[in-house]
There are 2 protein chains.
Amino acid sequence: MALNGTGGNRIGSETRDRVLAAAAELGYRPNTVARGLRTRRTHMLGFVGDNVATTPFAGQMIRGAHDAAREAGFLLLMVDTTGDPDETGEAIAALQERQIDGILLATMYHQVIDVPAEIKSTPVVLLDSRTADGSVTSVVPDERGGALGVLAELAAAGHRRIGHVTTAEDVEARHIRLTTWREHVTAYGLDADELFAESPEGRTHGGYDAAMRLLRRPERPTAIFCFNDRMAMGVYRAAAELGLSIPGDLSVVSYDDQELIAPELAPGLTSAALPHYEMGSWAAKELLRRLDEPDAEPVQHLMPCPIARRDSVAPA
Amino acid sequence: MALNGTGGNRIGSETRDRVLAAAAELGYRPNTVARGLRTRRTHMLGFVGDNVATTPFAGQMIRGAHDAAREAGFLLLMVDTTGDPDETGEAIAALQERQIDGILLATMYHQVIDVPAEIKSTPVVLLDSRTADGSVTSVVPDERGGALGVLAELAAAGHRRIGHVTTAEDVEARHIRLTTWREHVTAYGLDADELFAESPEGRTHGGYDAAMRLLRRPERPTAIFCFNDRMAMGVYRAAAELGLSIPGDLSVVSYDDQELIAPELAPGLTSAALPHYEMGSWAAKELLRRLDEPDAEPVQHLMPCPIARRDSVAPA
DNA sequence: GTGAAAGCGCTAACAC
DNA sequence: GTGTTAGCGCTTTCAC
């Protein structure tokens with residue numbers, strides 16, 4: 001009671017001091033396992049990810065969750081899976097055996113998922129994914145906001161003929177970014193199809209290919225909004241090959257703001273950042289809050305994507 | 001005993017079946033906390049990293065350790081720090097309170113460290129770092145081997161005037177890679193200083209700067225060995241500006257094999273890979289082994305760095 | 001203001 | 001082959 005500060009004035013201040021002194025002298029540290037057995041609180045959060053530790057930028061989600069948890073005296077017990085449902089179920093079971101207080105269920109990119117049945121009564125918050133019906137608390141990036149942000153950068157520089165280079169992969173991010181862009185150019189009365197090019201894969205080569213096709217059209221766009229930084233890297237290469245200078249002849253904006261790419265390109269790439277750290281932190285805090293308030297209504301949170309402004313945009 | 005398979009033939013097979021059936025029916029899962037309290041084994045490994053979750057490629061170390069641990073029924077309890085010794089000490093204490101069975105102490109890049117005093121009796125394996133005196137079991141990349149490997153690629157293509165572009169930052173990797181290169185070109189009777197250029201920072205811009213200086217010298221090298229992929233990215237840019245084609249006029253090899261860079265450059269960059277996954281896996285397995293054999297002699301392991309061959313090397 | 005004891009869910013030793 | 005019990009290190013209730 002002296003150590004925990006519990007029991008109010010049940011314990012004399014002089015007695016408490018003696019206890020504290022003895023503890024310090026002995027280097028005493030409470031055994032959290034025994035405490036957990038008794039209190040049924042382990043002060044551990046389970047973190048289940050699908051290849052999150054492996055995915056370069058998604059690691060920031062771990063870090064965000066970690067920091068928020070640690071600040072509250074919690075530690076993260078990690079299980080990384082391949083995303084396979086059976087494996088995820090097993091991971092959750094392994095975590096529950098260890099009596100974790102709650103679960104953070106993370107995906108390496110924004111997607112819609114079903115929550116595994118195993119979770120049941122364990123409090124859970126979804127990280128970078130959400131359920132179709134919104135029945136589980138979750139946080140995902142505000143992709144629409146981010147797309148509007150980079151499009152606004154171009155608009156402010158006077159661009160109207162803004163092309164879009166994207167992947168054909170069927171992911172949430174593609175749909176939202178594409179839809180937002182389409183609305184934007186359509187609002188100018190432009191034909192979106194004429195300004196659109198996609199490639200099977202959202203990587204450098206795909207970006208290069210799509211950009212080559214787009215930039216060779218009779219009325220080429222004055223700016224391109226890329227699905228992601230990797231595709232933007234390909235767009236840079238295509239522009240160089242066609243003798244177009246960035247941002248002189250062509251402005252480029254993108255999404256993801258990957259630290260290994262966006263700031264390293266020449267010129268630096270203006271990109272909407274995926275707020276991985278913030279999402280991780282938000283999810284952990286929200287989960288912690290829910291441990292004390294198990295009946296709180298589920299929340300769907302959209303995390304803003306700040307725009308990293310660099311030198312890839314110039315007046316049209 | 002039926003569930004754990006312990007107690008040998010103490011329990012009848014028919015009785016065991018009944019127990020198993022009942023457990024399955026109830027969805028019974030043993031409480032690992034209670035078990036840990038009794039057996040003093042939690043089947044959790046502490047993973048202490050300095051910004052490891054944050055560092056893009058180092059995440060593979062976590063994944064390697066995770067997979068090896070999980071295969072043995074262990075889970076990773078993560079603490080990420082800034083690398084500050086006090087913080088690391090506190091992290092270790094937090095882990096010990098939770099009765100973890102052993103500690104993996106990881107750094108985000110290869111370095112020489114002192115082991116925190118707190119560790120004491122807890123079994124520990126160092127990941128991507130080592131002690132000066134070799135008193136603690138550790139695994140680091142075989143940087144010399146990797147450097148020899150990429151230099152051999154160049155030698156096999158007939159290159160002798162091999163330049164080196166590196167960082168001035170005082171890190172293990174710089175020293176080993178530099179020394180290995182110096183020995184290599186000196187063995188050809190060349191003056192290493194004429195083929196050497198460094199920049200304050202090991203990033204793209206630094207690589208560009210150093211390469212510009214190096215490639216403008218009267219007798220320019222026919223190939224460049226770069227400290228890392230980011231600097232290589234700058235070397236590519238410099239070569240392009242000087243009208244030198246890669247690999248036609250200049251071959252380039254590098255170190256790290258970062259997935260976001262080496263395969264994405266055009267042409268693909270030949271690079272020695274940092275075996276992060278393998279190091280993580282080795283460290284966890286070795287730690288697990290040591291839990292049962294606490295008195296085993298410390299081992300210093302060098303993990304080979306495989307060469308990722310791409311298209312940046314051509315005959316001299 | 002303080003001492004004593006029960007019990008969290010397990011494992012292992014001890015009976016028979 | 002099976003039933004019983006102590007105890008891991010804590011927290012909390014009860015008694016005084």
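In what follows, chains carry the letters A, B, and so on, assigned in the order in which the sequence lines appear, proteins first and then strands, with residues in each chain numbered from 1.
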* CD (B:Glu90) with more than 12 external heavy atoms under 6.0 Å -> no
* Asked: Which two nucleotides bound the region of DNA chain C that has atoms under 4.0 Å from heavy atoms of chain B, read 5' to 3'?
  -> C:dG9 to C:dC14
* **Test side-chain contact (heavy atoms from CB on, under 4.5 Å) applied to A:Gln300 and A:Thr137, step by step** => CA-CA 6 Å; A:Gln300 316 302 311; A:Thr137 295; 5.8 Å; no
Return all side-chain donor-acceptor pairs below 3.5 angstrom for residues 101-119 of chain B, not counting sequence neighbours, or 'none' if the list is empty.
from, atom 1, to, atom 2, distance (Å)
B:Asp101, OD1, B:Thr42, N, 3.1
B:Asp101, OD2, B:Thr42, N, 3.3
B:Asp101, OD2, B:His43, N, 2.8
B:Thr107, OG1, B:Tyr109, O, 3.1
B:Thr107, OG1, B:Asp128, O, 2.9
B:His110, ND1, B:Glu143, OE2, 3.0

* For the residue pair B:Thr122 and B:Gln96, confirm or rule out a side-chain donor-acceptor distance under 3.5 Å. => yes
* **Presence of salt bridge, A:Glu293 and A:Arg290, under 4.0 angstrom** => no
* **Pair B:Arg41 + B:Asp292, salt bridge at N-O below 4.0 Å** => yes
* For DNA chain C, the residues among residues 90-103 of chain A that have a non-hydrogen atom under 4.0 Å from it -> none
* Please list, chain by chain and in numerical order, all residues satisfying salt bridge (charged side-chain N to carboxylate O under 4.0 Å, His left out) with A:Arg174, sequence neighbours excluded. => A:Glu198
* Between residues 18-41 of chain A and DNA chain D, which residues have a heavy-atom gap below 4.0 Å? -> A:Tyr28, A:Arg29, A:Pro30, A:Asn31, A:Ala34, A:Arg35, A:Arg38, A:Thr39
* Structure fact -> DNA chain D: first to last nucleotide in contact with chain B (atom under 4.0 angstrom from a heavy atom), 5' to 3', is D:dG1 to D:dG9
* the helix from C:dG1-D:dC16 to C:dC16-D:dG1: angle between end helix axes, five pairs per end, rounded to 10 degrees -> 60°
* Which residues satisfy the salt bridge (charged side-chain N to carboxylate O under 4.0 Å, His left out) test with A:Arg35, sequence neighbours excluded? -> none
* To do: Test B:Ile100 against B:Phe74 for side-chain contact (heavy atoms from CB on, under 4.5 Å), laying out the working first.
  => CA-CA 10 Å; B:Ile100 39 85; B:Phe74 281 69; over 6 Å; no
* Partner residues of A:Glu14 under the salt bridge (charged side-chain N to carboxylate O under 4.0 Å, His left out) criterion, sequence neighbours left out -> A:Arg18
* Asked: From B:Met279 CE over to B:Met61 CE, what is the distance, rounded to the nearest 0.5 angstrom?
  -> 6.0 Å
* Structure fact -> side chain to side chain donor-acceptor pair (under 3.5 Å) pairs touching residues 64-77 of chain B, sequence neighbours excluded, are B:Arg63-B:Asp67, B:Asp67-B:Tyr277
* **Partner set under side chain to side chain donor-acceptor pair (under 3.5 Å) for A:Glu172, not counting sequence neighbours** => A:Arg130
* Test ring-ring contact (aromatic ring centres under 6.0 Å, His included) applied to A:His175 - qualifying residues, sequence neighbours left out -> none
* Between B:Asp84 and B:Thr82, does any side-chain donor sit less than 3.5 Å from a side-chain acceptor? -> no
